[in-house]
Amino acid sequence: MNILEWAFGKRITPAERLRKNQRLLDKAIRELDQQRVKLEKQEKTLIAQIRQSAQKGQMGACKVQAKDLVRTRRYIEKFYSMRSQLQKVSLRLQTYRTNEQMMQAMKGATMALGSMNRTMNLPSLQRIAMEFERENDIMEQRQEMMDDAIDDAMDVGLEEEGDEVVEQVLEEIGVDLSQALGETPSGLQSMALPETRIAQAIGGGGGGGTDPGDDDLQARLDSLRK
């Protein structure tokens with residue numbers, strides 16, 4: 001323990017002083033409320049006593065009790081006024097405490113921001129951002145290659161499986177797949193292709209009559225060659 005704290009007591013910070021005064025005000029307000037409740041009960045009792053004295057015709061006692069009732073009501077009003085003043089002071093202290101907390105929070109945030117600004121290296125951040133972007137592009141390319149490979153692997157046998165599913169469904173509903181798709185005629189494969197006519201060259205031999213137009217064309221070509 002510090003010698004000064006042992007001799008003069010521990011030094012109280014403004015925040016602690018505010019909390020202490022706030023507790024004292026809250027305690028005083030509770031005590032005022034307790035006294036006011038007692039006076040209100042006493043007021044009801046005096047009213048009942050005044051009615052009893054009036055019914056009995058005791059006017060002297062009735063007047064004395066009426067004075068006590070007026071005095072009690074005035075004290076109740078004073079307690080209300082005192083409570084209002086204490087509540088006003090308590091609200092001010094609460095406002096001061098809130099402002100103090102806000103100042104401390106802002107001070108801490110300012111110090112944190114200053115520390116971050118001092119330790120922040122902009123060139124390093126830019127370099128890290130560029131490296132991150134490059135690695136991200138590489139990862140996306142590899143992911144696309146993996147997706148393509150997976151798609152290719154998943155497509156293997158897809159058509160055969162689809163045909164099996166169609167055939168199974170048709171069997172379940174009682175339709176033959178060969179009838180649904182149409183059978184190939186059996187005589188189609190044995191049919192021979194028709195013989196095609198082979199064009200003969202102009203002026204070629206081989207029997208058969210020649211066209212007069214062809215002879216005329218051949219004569220013109222011979223005249224051009226001379």
Side-chain angles (χ1 to χ4, degrees), residues 1-137 139-140 143:
M1 181 182 293
N2 193 358
I3 298 177
L4 295 176
E5 292 182 358
W6 177 81
F8 301 101
K10 185 178 179 180
R11 183 178 179 181
I12 301 177
T13 61
E16 293 176 350
R17 188 177 294 107
L18 285 174
R19 287 195 297 268
K20 182 178 180 180
N21 293 331
Q22 185 72 43
R23 288 194 296 268
L24 292 175
L25 286 172
D26 294 339
K27 182 179 179 181
I29 290 173
R30 288 194 300 269
E31 291 178 354
L32 286 176
D33 290 337
Q34 294 175 359
Q35 294 298 325
R36 179 179 52 79
V37 171
K38 291 180 181 179
L39 290 175
E40 289 176 351
K41 292 180 180 179
Q42 185 177 353
E43 179 185 7
K44 294 179 181 179
T45 303
L46 288 173
I47 291 173
Q49 291 176 358
I50 290 172
R51 290 177 180 176
Q52 292 176 1
S53 298
Q55 291 176 357
K56 293 177 182 180
Q58 299 175 355
M59 299 306 297
C62 186
K63 291 180 180 180
V64 173
Q65 292 170 352
K67 291 180 180 179
D68 291 338
L69 179 61
V70 172
R71 191 179 298 109
T72 301
R73 288 178 175 176
R74 289 180 178 177
Y75 276 113
I76 292 173
E77 292 178 357
K78 288 183 179 179
F79 278 118
Y80 272 115
S81 178
M82 293 173 62
R83 188 185 188 282
S84 178
Q85 293 178 2
L86 291 177
Q87 187 69 26
K88 184 178 180 180
V89 176
S90 177
L91 290 175
R92 287 184 177 178
L93 288 179
Q94 187 174 358
T95 303
Y96 293 153
R97 287 183 59 189
T98 304
N99 292 335
E100 180 67 21
Q101 292 175 358
M102 290 177 60
M103 290 175 60
Q104 294 297 330
M106 292 177 65
K107 182 179 179 180
T110 303
M111 293 176 62
L113 289 174
S115 177
M116 291 178 62
N117 289 329
R118 287 191 297 270
T119 57
M120 186 178 297
N121 189 355
L122 293 179
S124 178
L125 289 176
Q126 293 177 355
R127 185 174 64 256
I128 293 172
M130 293 176 63
E131 292 178 357
F132 174 79
E133 185 176 359
R134 183 175 64 255
E135 295 296 333
N136 190 26
D137 294 338
M139 183 178 293
E140 290 180 355
Q143 185 66 33

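Side-chain atoms are counted along with the backbone in the values below, which use heavy atoms only and exclude waters and symmetry mates.
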Q: Strictly by side-chain hydrogen bond (donor to acceptor under 3.5 Å, both in side chains), give each pair with a member in residues 50-64 just once, sequence neighbours left out.
A: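 Sorted result for residues 50-64: S53-Q65.
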Q: Got a sec: does the CD of E133 have more than 12 other heavy atoms crowding it under 6.0 Å?
A: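 No - once you tally the heavy atoms of other residues, nucleotides and ligands closer than 6.0 Å, there are 12 at most.
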Q: Look up atom CZ in R73 and atom CG in L46, then write down how far apart they are to the nearest 0.5 Å.
A: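 One gets 9.0 Å once the value is rounded to the nearest 0.5 Å.
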Q: Does a salt bridge link R71 with D68, judged by any charged N lying under 4.0 Å from a carboxylate O?
A: yes
Q: Could you grab the distance from atom CG of L32 to atom OH of Y80, nearest 0.5 Å is fine?
A: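 Here the interatomic distance stands at 11.5 Å.
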Q: Please name the pair of heavy atoms, one in T72 and one in L39, separated by the smallest distance, quoted to 0.1 Å.
A: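 That would be CG2-O, 3.5 Å.
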Q: When rounded to the nearest 0.5 angstrom, what is the spacing between CD1 in I50 and OG1 in T45?
A: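 Rounded to the nearest 0.5 Å, the CD1-OG1 separation comes out at 11.0 Å.
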Q: Provide the closest heavy-atom pair for D26 versus S90 in the form atom of the first, atom of the second, distance.
A: OD1-OG, 3.7 Å
Q: Do D137 and R134 pass the salt bridge (charged side-chain N to carboxylate O under 4.0 Å, His left out) test, and can you show the C-alpha distance, the side-chain angles, and the key distance before you say yes or no?
A: CA-CA 5 Å; D137 294 338; R134 183 175 64 255; over 6 Å; no
Q: Working note: Q35 + K38, criterion side chain to side chain contact (heavy atoms under 4.5 Å, CB included); need CA distance, chi angles, decisive distance, verdict.
A: CA-CA 5 Å; Q35 294 298 325; K38 291 180 181 179; 4.2 Å; yes
Q: Looking at CE of M82 and CG of L86, how far apart are the two atoms once the value is rounded to the nearest 0.5 Å?
A: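 Here the interatomic distance stands at 6.5 Å.
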Q: With sequence neighbours excluded, tell me which residues meet side chain to side chain contact (heavy atoms under 4.5 Å, CB included) with M102.
A: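 M102 satisfies side chain to side chain contact (heavy atoms under 4.5 Å, CB included) with T98, N99 only.
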Q: Got a donor-acceptor contact below 3.5 angstrom from the N136 side chain to the F132 backbone?
A: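 No, the answer is negative, given that no donor and acceptor are paired below the 3.5 Å cut-off.
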Q: Which residues pass the side chain to side chain contact (heavy atoms under 4.5 Å, CB included) test with Q87, not counting sequence neighbours?
A: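 Per chain and number, Q87 pairs via side chain to side chain contact (heavy atoms under 4.5 Å, CB included) with I29, R83, L91.
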Q: May I ask you to check whether Q104 and E100 show a side-chain donor-acceptor distance below 3.5 Å?
A: yes
Q: More than 12 heavy atoms of other residues, nucleotides or ligands under 6.0 Å from CZ of R17: is that the case?
A: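 Buried by this count: over 12 neighbours within 6.0 Å.
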Q: T110 side chain to M106 main-chain N or O, any donor-acceptor pair under 3.5 Å?
A: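 Yes; at least one donor-acceptor contact below 3.5 Å.
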Q: Given the rule in the salt bridge (charged side-chain N to carboxylate O under 4.0 Å, His left out) test, do E40 and R36 qualify, once you have shown the distances and angles that lead to the verdict?
A: CA-CA 6 Å; E40 289 176 351; R36 179 179 52 79; 3.1 Å; yes
